[in-house]
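Written out below as structure tokens is the structure these notes cover.
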Amino acid sequence: MSTRVRFAPSPTGYLHIGGARTALFNWLYARHTGGKFILRIEDTDTVRNTQEAVDVILEGLRWMGIDWDEGPLSGSDRDACKGDFGPYFQSQRSDIYREKIEELKSKGFAYDRDGAVYFKMGREATLIDDLVVGKVRRELTDREAQDPDFVIVRSDGQPVFHLVNVIDDLLMGITHVIRGEDHLTNTAKHIALFRAFGAEPPQYAHIPLILNSDGSKMSKRDEGASLMAYPEMGYLPEALINQLVLLGWTPGDNKEIVSVEEIIRTFDLCQVHRSNARFDMNKLKSINYEYMRQLSMERFVELGRKAFERTGMLSSGWSEEYVKQALETCKDKVKTFSELPEYAGFYFTEELVYPPEMLESEFTQEARERLAMLRERYTGLEDFSSASLEAVLKALAKELGLKAGPLVHPLRLALTAAKSGPSLYHLMEVMGKERVLKRINGLLK
RNA sequence: GACCCUAUGGUCUAGCGGUUAGGACACCACCCUUUCACGGUAGUAGCCCGGGUUCGAGUCCCGGUAGGGUCGCCA
């Protein structure tokens with residue numbers, strides 16, 4: 001039988017990073033086994049359910065490169081779905097639920113109380129054979145021991161999560177339920193529901209949760225809780241995927257940077273860890289850097305330009321070619337795209353601001369004199385190429401009996417108002433003689 | 001409170017009864033370098049605690065502790 005897995009998010013207005021990883025693991029498993037990955041929108045909570053909230057989910061998955069074989073194609077047009085097991089919005093499945101609730105009632109598994117429908121739950125322990133966690137014997141809590149039955153339809157007529165989730169998984173032929181470990185103890189209810197419908201439950205795989213770097217639960221407001229924060233912070237989707245998959249799964253052979261294709265080939269549920277993992281931004285950053293280095297120059301420039309556009313710094317008339325050349329000097333220099341505006345902002349401003357404390361510590365009388373000498377040499381230089389600029393600077397250094405550093409530092413300060421940045425000779429070539437001399441004059445005046 | 005899961009450096013992890021406990025990130029020192037970075041070399045730092053089982057335990061069992069989860073007319 002072919003594998004059928006699903007990601008069933010609730011449209012809350014944002015896609016949690018943990019949810020994104022659940023989607024990722026489901027997708028990886030589907031692709032690894034050659035099965036189907038289904039997207040289903042659990043929008044029974046009508047209050048928060050909006051078009052936009054659905055689009056956030058679709059966009060998030062698309063950004064990660066996760067595609068689905070069945071499910072909605074758009075948040076605004078809910079009839080635009082693909083797949084033969086629809087509808088894929090729970091809000092469109094009321095008739096199905098009504099029918100199934102009747103089935104439970106007629107079989108004696110459900111009854112009405114205070115206007116709500118309750119499911120009759122047994123008191124015996126439930127055995128869960130989980131692909132990740134192993135065999136779990138789930139006893140009743142003391143609260144449940146008092147009354148093990150639970151609500152499946154609210155008094156306002158709305159069926160609750162446990163019920164619809166099981167009905168949909170059943171009708172959509174889901175073979176493996178891969179979800180967060182926070183659902184592990186709920187699984188007893190789900191198994192009972194499946195059996196009440198006369199069906200065998202699917203295979204379960206509960207994956208560990210992602211925690212904040214301090215070990216606390218990651219909630220909506222925490223940094224990096226929202227998937228879309230990552231593109232905004234300048235991360236590449238392939239880097240995020242790599243980081244996410246490393247949190248709970250290992251490629252083996254001490255390898256860490258693994259392509260999606262490679263992950264799909266080797267991924268399996270039985271190797272997934274059982275313990276929660278903290279999300280380390282530093283690690284993500286370094287993984288991101290690895291992927292940024294692999295980027296073609298064209299792609300780097302394109303994404304770098306977008307990072308600048310987000311800040312509004314490129315609004316004035318910088319030519320396409322100038323922007324391109326400027327960005328090219330930044331390749332392999334920054335770890336995320338969001339660092340770029342600060343790193344290379346000096347290219348795109350007429351008025352460079354020198355922080356007073358930096359001038360005080362860096363721009364000594366000696367440095368001023370050296371910069372003046374460089375100005376003299378560069379003023380007379382016809383060939384303003386990086387090679388020629390470097391040769392001139394080094395020749396002067398030699399004359400003065402210095403290493404290059406003492407000349408480089410004041411020059412970089414004058415041109416970029418920073419102590420570090422892109423290759424000095426290359427950035428001068430890009431900026432051009434006129435602007436370079438103007439900046440040197442500006443600092444020397 | 002009850003129930004469930006988990007526990008290797010600061011973080012992510014390899015390990016699956018006998019290892020000098022390996023790797024990555026971070027940190028740190030030096031080399032290289034026009035800065036930063038890259039690269040190279042070295043370094044600091046780890047099996048939560050207590051009992052068992054065993055000739056031998058990071059590894060198996062029990063207990064404790066700690067962290068996380070669940071017990072809703074939320075999903």
Side-chain angles (χ1 to χ4, degrees), chain A residues 8-12 19 42-45 47-48 90 113-118 125-126 128 130 132-134 136-148 150-162 164-165 180-189 206 208-211 213-217 243 246-257 273-287 289-290 293 330-335 343 386 389-390 393-394 397 403-409 411-413 416 418-428:
Chain A
S10 179
T12 58
E42 305 218 334
D43 57 348
T44 52
D45 183 4
V47 182
R48 292 180 295 187
Q90 287 188 334
R113 188 206 297 168
D114 301 327
V117 181
Y118 281 72
T126 304
I128 304 164
D130 192 280
V132 171
V133 186
V136 176
R137 183 187 168 85
R138 208 273 165 146
E139 306 275 357
L140 265 59
T141 67
D142 57 0
R143 167 77 180 63
E144 290 165 335
Q146 286 170 25
D147 180 9
F150 59 94
V151 171
I152 51 175
V153 183
R154 301 196 299 232
S155 53
D156 66 1
Q158 276 297 320
V160 306
F161 162 76
H162 298 301
V164 294
N165 186 269
E181 200 210 66
D182 49 340
H183 285 297
L184 180 59
T185 49
N186 285 154
T187 303
K189 290 177 181 170
H206 287 91
L209 269 22
I210 298 179
L211 271 26
S213 57
D214 66 356
S216 62
K217 184 185 179 181
Q243 159 90 337
L246 247 28
L247 259 34
W249 179 81
T250 323
D253 298 330
N254 283 334
K255 267 194 304 186
E256 299 229 303
I257 305 297
H273 291 177
R274 272 139 282 218
S275 55
N276 297 343
R278 304 179 187 206
F279 195 97
D280 185 356
M281 259 328 154
N282 270 328
K283 182 85 172 208
L284 206 216
K285 214 174 257 188
S286 84
I287 291 174
Y289 181 63
E290 294 296 325
R293 289 171 69 188
C330 302
K331 179 84 163 50
D332 299 349
K333 296 286 190 174
V334 292
K335 292 188 172 179
Y343 188 79
S386 62
L389 288 157
E390 177 172 2
L393 186 140
K394 287 195 166 157
K403 291 183 80 171
L407 293 177
V408 163
H409 293 291
L411 182 55
R412 178 180 293 283
L413 179 68
T416 70
K419 287 194 260 187
S420 63
S423 162
L424 185 60
Y425 310 117
H426 290 90
L427 74 85
M428 282 194 284

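For clarity, every value in this text was computed on a predicted model and none was experimentally measured. Reckoned from all heavy atoms, side chains included, excluding hydrogens, waters and symmetry mates. Naming convention: chains lettered A, B, ... in sequence-line order (proteins, then strands); numbering from 1 in each chain.
Among the protein residues, A:Lys394 comes within range of the sugar-phosphate backbone only, with heavy atoms under 4.0 Å from sugar or phosphate atoms but none that close to a base. In this structure, A:Asp114 reaches the bases: a heavy-atom distance under 4.0 Å links it to at least one base atom across the strands shown. Within the 4.0 angstrom heavy-atom criterion, base atoms lie near A:Ser423. Contact annotation for A:Gly421: base contact, defined as any heavy-atom pair under 4.0 Å involving a base atom. Residue contacts shown for A:Ser275 are limited to sugar-phosphate atoms, with no base heavy atom under 4.0 Å away. A:Leu209 comes within 4.0 angstrom of the backbone, heavy atoms only, and of no base. Using a 4.0 Å heavy-atom distance criterion, A:Glu144 is classed as a sugar-phosphate-only contact. Using a 4.0 Å heavy-atom cutoff across all strands shown, A:Gly115 reaches no nucleic acid atom at all. Heavy atoms of A:Tyr289 sit under 4.0 angstrom from primed sugar atoms or phosphate atoms, though from no base atom.
With hydrogens and angles left out, the side chain of A:Thr185 and the base of B:C3 share no donor-acceptor pair within 3.5 Å.
Across B:U44 and B:C3, the matching P atoms stand 46 Å from one another, rounded to whole Å. The same atom, C1', is picked in B:U13 and in B:C71; the two are 33 Å apart, to the nearest Å. Taking atom P on both B:A26 and B:C38, the two are 8 Å apart, rounded to the nearest angstrom. Comparing the P positions of B:G9 and B:A45 gives an interatomic distance of 14 Å, to the nearest angstrom. The gap from the P atom of B:A7 to that of B:C61 amounts to 11 Å, rounded to the nearest Å. Distance check on atom P: B:C49 versus B:A66 gives 15 Å, rounded to whole Å. Atom P of B:U19 sits at a distance of 35 Å from the matching atom of B:A29, rounded to the whole Å. With C1' as the reference atom, B:G46 and B:G58 are 10 Å apart, rounded to whole Å.
For the pair A:Asn165 CG and B:C74 C1', the computed distance is 13 Å after rounding to whole Å. Rounded to whole angstrom, the span from the NE2 atom of A:His183 across to the P atom of B:G72 amounts to 15 Å. As a whole-Å value, the separation of A:His273 NE2 from B:U13 C1' is 6 Å. Note: CD1 (A:Ile210) to P (B:G69) measures 14 Å, nearest angstrom. A:Glu181 places its CD atom 13 Å from the C1' atom of B:C3, with the value rounded to the nearest Å. When the P atom of B:C32 is taken as reference, atom NZ of A:Lys403 falls 7 Å away, rounded to whole Å. When the C1' atom of B:U35 is taken as reference, atom CG of A:Leu407 falls 13 Å away, rounded to whole Å. Distance NZ (A:Lys189) to C1' (B:C4): 13 Å, rounded to an integer number of Å.
For B:A75, one of the phosphate oxygens OP1 or OP2 lies less than 4.0 angstrom from a side-chain nitrogen or oxygen of A:Arg154. Between A:Arg274 and B:G68 there is no side-chain polar atom (N or O) within less than 4.0 angstrom of OP1 or OP2. A:Thr44 has a side-chain polar atom (N or O) that falls below the 4.0 Å cut-off from OP1 or OP2 of B:A75. For the OP1/OP2 pair of B:C5 and a distance below 4.0 Å, the side-chain nitrogens and oxygens of A:Arg138 include no atom meeting the criterion. Distances shorter than 4.0 Å separate some side-chain N or O of A:Lys335 from OP1 or OP2 on B:A26.
The backbone N or O of A:Ser216 sits nowhere less than 3.5 Å from a side-chain atom of A:Arg278 that would complete a donor-acceptor pair. Proximity of a side-chain donor or acceptor of A:Lys331 to a complementary backbone N or O of A:Arg293 within less than 3.5 Å is detected. Of the possible polar contacts, one joining the A:Asp43 side chain to the A:Gln90 backbone as a donor-acceptor pair under 3.5 Å is found.
In this structure, A:Leu246 and A:Arg293 both approach RNA chain B, and ranking their closest nucleotides by distance from the 5' end singles out A:Leu246. Residue order along RNA chain B, read from the 5' end via each residue's closest nucleotide, puts A:Asp280 first among A:Leu211 and A:Asp280.
Annotation: cation-pi geometry not satisfied between A:Lys333 and A:Tyr343 (NZ/CZ under 6.0 angstrom from ring centroid, within 45° of ring axis).
The side-chain hydrogen bond (donor to acceptor under 3.5 Å, both in side chains) search around A:Glu256 returns A:Lys283, not counting sequence neighbours.
Pair assignment for B:A2 gives B:U70, based on Watson-Crick or G-U wobble hydrogen-bonding distances that are each under 3.5 Å. A 3.5 Å limit on both hydrogen-bonding distances identifies no Watson-Crick or G-U partner for B:U19. Base pairing analysis places B:G39 opposite B:C31; the two distances defining the Watson-Crick or G-U wobble pair are each below 3.5 Å. Under the Watson-Crick or G-U wobble criterion, with both distances below 3.5 Å, B:G56 is left unpaired in every strand shown. With a 3.5 Å ceiling on both atom-pair distances, B:G9 lacks any Watson-Crick or G-U wobble partner.
Comparing B:C73, B:C4, B:A26 by their closest approach to the side chain of A:Ser286 singles out B:A26. When distances are taken from the side chain of A:Leu184 to each of B:C4, B:U6, B:U35, the shortest belongs to B:C4. Closest to the side chain of A:Lys217, from the set B:G22, B:G68, B:C36, is B:G68. In this structure, of B:C73, B:U34, B:C5, it is B:C5 that holds the atom nearest to the side chain of A:Val133. For A:Ala277, taking side-chain heavy atoms from C-beta onward, the closest of the listed nucleotides B:G23, B:C12, B:C71 is B:C12. Taking the side chain of A:Asn282 as heavy atoms from C-beta on, and the options B:U70, B:C5, B:A26, the nearest nucleotide is B:A26. Looking at the side chain of A:Tyr343, the nearest of the listed nucleotides B:C4, B:C36, B:A75 is B:C36. Closest to the side chain of A:Lys283, out of B:U34, B:C25, B:C36, is B:C25. Listed nucleotides B:C71, B:A75, B:U34 differ in distance to A:Glu390; the shortest reach to its side chain belongs to B:U34. Relative to the side chain of A:Thr250, the nucleotides B:A14, B:C12, B:C4 differ in distance, and B:A14 lies closest.
Looking only at side-chain heavy atoms (C-beta outward), A:Phe279 and A:Gln243 come within less than 4.5 Å of each other.
One finds the CD1 atom of A:Ile128 at 11.5 Å from the CZ atom of A:Arg137 (value rounded to the nearest 0.5 Å). Summarising the geometry, atom CD1 belonging to A:Ile257 is positioned 12.5 Å from atom OH belonging to A:Tyr289; distances are rounded to the nearest 0.5 Å.
Between A:Arg113 and A:Asp147, at least one side-chain nitrogen of the basic residue sits less than 4.0 Å from a carboxylate oxygen of the acidic one, meeting the salt-bridge criterion. Salt bridge A:Asp156/A:Arg154: present, at least one basic N to carboxylate O contact under 4.0 Å.
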